Amino acid sequence: MPTLMPTDDNNNPIPALRLKDGGSYAIAATATSARNATPFGPDTQVISICPTVAVFVKCGSSTVTATTADHYIPAGLYYDIAIGGDGQKQTPYIAVLRAEKTDGIVYISEKN
């Protein structure tokens, strides 16, 4: 079956998405929840995050707020999150909250 995905040496598709030009963000992870000011592009289905400190994250609308009850992501983990596709409505924002006492940065890349 033909595919537009890159392939390995055995011609098997590699499930990979491209980094979107202009789709990189850095959000400060502090004691107060923060989110991206600009929504992710309407064609973005996946974002990758990599926090410099452990954080809690939550995806949602322009009013999304992260709390300690949300998903925990450890420092230094590069993690992909689906924010749309498969008939699901896209969630164009992500909120972050530091999980420890040290502030940090959450680096985000849009993929499509």
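Keep in mind that what you see is a predicted model, and the values were worked out from it rather than measured. Note that the numbering runs from 1 along the sequence shown for the chain.
Taking both residues in full, the closest heavy atoms of T91 and F40 are given as O-CD1, 4.0 Å, listed atom of the first, atom of the second, then distance. The heavy-atom pair separating Y25 from T38 by the smallest distance is CE2-O, 3.8 Å. The two residues R98 and A31 make their nearest non-hydrogen contact at NH2-CB, 3.4 Å. Closest of all the heavy-atom pairs between E100 and A54 is OE2-CB, 3.8 Å. Shown here for P74 and P51, the closest heavy-atom pair between the two residues is O-CG, 3.5 Å. In terms of heavy atoms, A34 sits closest to I27 at CB-CG2, 3.9 Å.
One distance of note links CZ of R35 with OG of S61; it measures 7.5 Å at 0.5 Å rounding. The structure places CD1 of I105 at 12.0 Å from SG of C50, a figure rounded to the nearest 0.5 Å. Between N112 atom CG and I47 atom CD1 the span is 13.0 Å, to the nearest 0.5 Å.
Side-chain contact between I83 and V46 is absent, with no heavy atoms from C-beta onward closer than 4.5 Å. Contact annotation: the side chain of Q90 approaches that of T44 to within less than 4.5 Å [non-hydrogen atoms, C-beta and beyond]. Residues C59 and Y93 have side chains not in contact (no heavy-atom distance under 4.5 Å, counting atoms from C-beta outward). Looking at V53 and D103, their side chains never come closer than 4.5 Å, going by heavy atoms from C-beta outward. Two residues are said to be in side-chain contact when any heavy atoms from C-beta on lie closer than 4.5 Å; F56 and H71 fail this criterion.
For the residue pair K111/S48, the side-chain donor-acceptor check at 3.5 Å is satisfied. T32 and T30 share no side-chain donor-acceptor pair at under 3.5 Å.
Placement of I81 and L77 within a single hydrophobic cluster is found when ILVMFWY residues are connected by side-chain heavy-atom separations under 4.5 Å, directly or transitively. Each of L19 and Y79 belongs to its own hydrophobic cluster when Ile, Leu, Val, Met, Phe, Trp and Tyr are linked at side-chain heavy-atom distances under 4.5 angstrom. Note on I108 and I73: same hydrophobic cluster, where clusters join Ile, Leu, Val, Met, Phe, Trp and Tyr whose side-chain heavy atoms are under 4.5 Å apart, directly or indirectly.
Distance alone, capped at 3.5 Å, places no donor-acceptor pair between the S33 side chain and the T65 backbone. In terms of modelled atom types and a separation under 3.5 Å, the side chain of N36 and the main chain of I94 share a donor-acceptor contact.
Aromatic rings of Y107 and Y78 (six-membered ring for Trp) have centroids beyond the 6.0 Å cut-off, not under it.
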